[in-house]
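Note that the structure is predicted; figures quoted are calculated from it, not measured. Ligands are counted one by one from 1 in listed order, and the atoms in each one are counted from 1 as well.
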Amino acid sequence: MAPPESDAATHLARAQEAASHVPGIDAATPRRPVTRVGVVGAGTMGSGIAMVFANAGLAVTLVEKDGEALGRGLGRIRDVYQRAQTKGTLSDAEAATRLARIEGETDFAALATADLIIDAAFEDMAVKTDIFTRLDRIAKPGAILATNTSALDVDAIAAVTSRPQDVLGLHFFSPAHVMRLLEIVRGAKTDASTLATAVALARDVGKVGVTVGVCDGFCANRMLYPYLRQADCLMEEGALPQDIDRVLTAFGLAMGPCAMLDMAGQDVAWFVRQRQLKTWPKDMRYSRLADLLVERGRLGSKTNAGWYSYPSGPRSAQPDPDVEAMIVAESNRLGIVRRPISDEEVLTRCLYALVNEGARLLGEGIVTRPGDIDLCYVYGMGFPAARGGPMHWADSVGLARVHAAVVELHARHDQNWTPAPLLAELAASGRSFADLDKVPAAGGVS
Ligand code: NAD
C-alpha cells in the first residue's frame, strides 16, 4: 500500500500531464510565436506578470496610464529583484538582464509589435472594454489579447473587439511571479491556435496552466465563494475567526479563510459580494459579518485590522475582542444561540463546500477533469499538496459520505448546500472523482 502522500504526489503529477490535453487542441494545432509580451497596468499583478515573462527570457512592454504609476510599477519590479540579489538567489548580472527586458511606456502605441498583450488594469468592466477597444485598433493581426480579470465575463470583453477568436483570459494568482497556477480562460469564440499557444506558453514560463471556461470566478475563485460563506455562517453559529483558521491550517492549508481575506483585502471580497447579491436567490443564507467588518473600515492587514488586528504589520495577526463582540452581537441579532463548534464540523463544512462547488463546475463543463481542480487548489490556493487537492481528498473520504453530509446540511441549512448533481450521481453509482480523471486519447500541446 502506497502512503497517502506519495499517492497524492502521483495524482498531481498525472493531473499536470493531463492538463495539457485540452479538448479541441492537439499537437498539430498551430501555435503562434510569442517573443514580445505587452502588459497593460503596472500595479500588483501587472508588475508580477511582467517579471514572469522577463524571467523566462521574453521581451516585455509594460504600459501604464501615466509616468507616476509606471514609475511605481517599475520600482516594485526593481525591489523584487533587489531582494533576490540581497538574499543571493539572483546574480547582479542576471537581475540587470531581466530588468533590461522590461521597457516601460505610457503610450498604447508601444504595444503594436507585441505577440501577446495581457490586460492587468482595474477590475472594472468599463475599464476593460475601453482597453480592449483600443487594443483592437493597435495590436498587430494575430496578436493574442488576454485579460487577467479575476471574474469578469471574458466573452463580453472579447465582444468589443473585431477578433474574439484571439481573446482569452490569462488569470495569474498573486504574487504572479511566485504562484505557479495560471488559469487559461477559454472564451466561447477563442480559437484553437490561441488556446494552444497559451497552454504551451504557460508551461514554457514555468506555470501550471489549467484551462477553464467562462463563469464568475472561473475555477479557483468560484469555489472560494461557498467556502467563505461557510466560514461566515460558522462564525454566526459559534466559531471565531481564529478557530476556523486554526482548523484549516492544521489540515495543511497555507492560510485559513479569515487570514486569507485579511491579506487579499476585505474590500476586494466586498465588491464581489455586492455584484453577486444582485442575483442572489432569496432562500440562500447570507451572512453580513464580513460586510460589517468593511463598514467598520477593517479592510484587512493593509488597514491593520480585519478579522484580526495587526499591531505591528501584516505578520502580526492577533484575535481581536472587538471582532468577537461584533460576531456575538450579530448572532444575537439573528436569534442564533451560539454553541461550541467542533473542529470536525469546521473542517467538513468548509471543505465539503469546496468539493460540492467543484463537482458543480465539472458538471457544467467549466473544468474538464477533477485533477484540474486539484491543480488549481494546490498551485493557486495553498491547499496541501500532500492531500492531493480537494477532489482527491474527497475521494479519500468517500463520495457517498461527502454526499450524505451535503444532503443533511442542505436539509438543515439552506440552498448554499444544494447537492451538485454530479456529486449525487457519483455517490449513487459508487464511483469517485478519480474515475473521471481520464486523459482523452488525442490531445496535448507538447
Ligand atoms: P492594481 O490596482 O494594483 O493595478 C492596476 C493598475 O492598472 C494601476 O497601476 C493602474 O494605474 C493601471 N491602469 C488602470 N487603467 C489603466 C489604463 N487604461 N491603461 C494603463 N494602465 C491602467 O490592481 P491589481 O490588483 O494588479 O489587479 C489588476 C487586475 O488583475 C484586475 O483585473 C484584478 O481583478 C486582477 N487580479 C488581481 C489579483 C490580486 O490578487 N490583486 C489576482 C488575480 C487577478
Side-chain angles (χ1 to χ4, degrees), residues 38-52 60-77 79-80 103-111 114 117-139 145-154 156-157 160 167-185 207 210 212 214 216-222 224 254-255 260-275 299-302 314 376 379-382:
V39 179
V40 179
T44 310
M45 295 306 289
S47 50
I49 294 168
M51 285 187 273
V52 168
V60 178
T61 306
L62 184 57
V63 176
E64 255 294 348
K65 47 186 189 177
D66 57 48
E68 212 180 300
L70 180 63
R72 276 197 303 273
L74 292 173
R76 208 172 285 129
I77 293 170
D79 286 349
V80 169
E103 70 179 18
E105 294 285 347
T106 52
D107 186 350
F108 262 53
L111 297 168
I117 304 172
I118 304 171
D119 136 62
F122 300 136
E123 184 78 341
D124 177 323
M125 201 55 172
V127 172
K128 304 289 192 206
T129 52
D130 173 57
I131 287 172
F132 275 75
T133 305
R134 289 160 71 189
L135 291 180
D136 192 27
R137 280 202 297 266
I138 289 157
L145 309 182
T147 173
N148 184 48
T149 179
S150 306
L152 297 177
D153 183 345
V154 174
I157 295 172
V160 302
V167 178
L168 84 177
L170 288 179
H171 184 214
F172 291 82
F173 287 71
S174 184
H177 59 291
V178 176
M179 297 300 283
R180 293 203 55 211
L181 177 64
L182 177 61
E183 285 184 336
I184 300 166
V185 188
K207 297 292 177 196
V210 175
V212 298
V214 175
D216 182 347
F218 314 123
C219 174
N221 284 344
R222 182 169 138 181
L224 268 189
M255 270 185 168
M260 187 188 68
L261 271 198
D262 272 2
M263 186 190 74
Q266 295 290 346
D267 48 338
V268 175
W270 184 87
F271 276 111
V272 172
R273 288 195 300 276
Q274 296 315 302
R275 189 180 69 229
L299 306 186
S301 55
K302 65 185 168 189
C376 287
Y379 293 108
M381 291 290 174

Atoms of ligand 1 under 4.0 Å from any heavy atom of Phe172, numbered from 1 in the order shown, are 42 (C), 43 (C), 44 (C)

Please give me the minimum heavy-atom distance between Cys376 and Cys219, naming the atom from each residue. SG-SG, 3.8 Å

Against ligand 1, does Phe173 come closer than 4.0 Å with any heavy atom? no

State whether a side-chain donor-acceptor pair under 3.5 Å links Glu64 with Thr106. no

Taken to the nearest 0.5 Å, the spacing of Met381 CE from Met179 CE works out to 7.5 Å

Rounded to the nearest 0.5 Å, the CZ atom of Arg222 sits from the CG atom of Asp216 at a distance of 8.5 Å

Taking Lys128 for the side chain and Phe122 for the main chain, is one N or O donor matched with an acceptor at less than 3.5 Å? yes

Considering non-hydrogen atoms of the protein only, which is the closest contact for atom 24 (P) of ligand 1, and what is the distance? Met45 CG, 3.9 Å

Ignoring hydrogens and angles, tell me if any N or O in the side chain of Lys302 forms a donor-acceptor pair with the backbone of Pro314 under 3.5 Å. no

Atom 35 (C) of ligand 1 - nearest protein heavy atom and its distance: Asn148 O, 3.3 Å

Check each atom of ligand 1 against the heavy atoms of His171 and keep those under 4.0 Å away; list them by number with element. 43 (C), 44 (C)

Shortest protein heavy-atom distance from atom 44 (C) of ligand 1, along with the residue and atom involved: Ser150 OG, 3.1 Å

Please report the interatomic distance CG(Leu152) to CZ(Phe218), rounded to the nearest 0.5 Å. 7.5 Å

Quick one: nearest non-hydrogen protein atom to atom 9 (O) of ligand 1, plus distance? Glu64 OE2, 2.5 Å

Can a non-hydrogen atom of Arg72 be found less than 4.0 Å from any atom of ligand 1? no

Per-atom filter on ligand 1: closer than 4.0 angstrom to a heavy atom of Glu123 are 31 (C), 32 (O), 33 (C), 34 (O)

Residue Lys128 vicinity, atoms of ligand 1 by number, heavy atom under 4.0 Å: 31 (C), 32 (O)

In terms of side-chain heavy atoms, does Asp262 have a donor or acceptor partner in Ser301 at a distance below 3.5 Å? no

Given the protein's heavy atoms, is any one of them under 4.0 Å from atom 13 (N) of ligand 1? yes

Can you check whether Ala151's main-chain N or O pairs, donor with acceptor, with Thr149's side chain at less than 3.5 Å? yes

In Å, rounded to the nearest 0.5 Å, how long is the span from CD1 of Ile157 to OG1 of Thr129? 8.0 Å

Ligand-side contact atoms (ligand 1) for residue partner Gly41, heavy atom cut-off under 4.0 Å: 7 (O), 12 (C), 21 (N)

Taking only heavy atoms of Thr149 into account, list the atoms of ligand 1 that are under 4.0 Å away from them. 32 (O)

Per-atom contacts, ligand 1 versus Val40 - under 4.0 Å to a heavy atom: 19 (N), 20 (C)

Among all protein non-hydrogen atoms, which one is nearest to atom 40 (O) of ligand 1, and what is the separation to 0.1 Å? Ser174 CB, 3.3 Å

Can you tell me which residue and heavy atom of the protein come closest to atom 2 (O) of ligand 1, and the distance to 0.1 Å? Phe122 CE2, 3.4 Å

Spatial distance of atom CZ (Phe271) from atom CD (Gln266) [nearest 0.5 Å]: 13.0 Å

Among Gly46, Ala120, Gly73, the residue with a heavy atom nearest to atom 5 (C) of ligand 1 is Ala120

Please state which protein non-hydrogen atom is closest to atom 7 (O) of ligand 1 and give its distance, to 0.1 Å? Ala121 CA, 3.4 Å

Atom 4 (O) of ligand 1 [closest protein heavy-atom partner, distance rounded to 0.1 Å]: Gly43 CA, 3.3 Å

For a quick test of reading the model, state the closest non-hydrogen atom pair linking Leu111 to Gly38 and the distance between them. CD2-CA, 3.6 Å

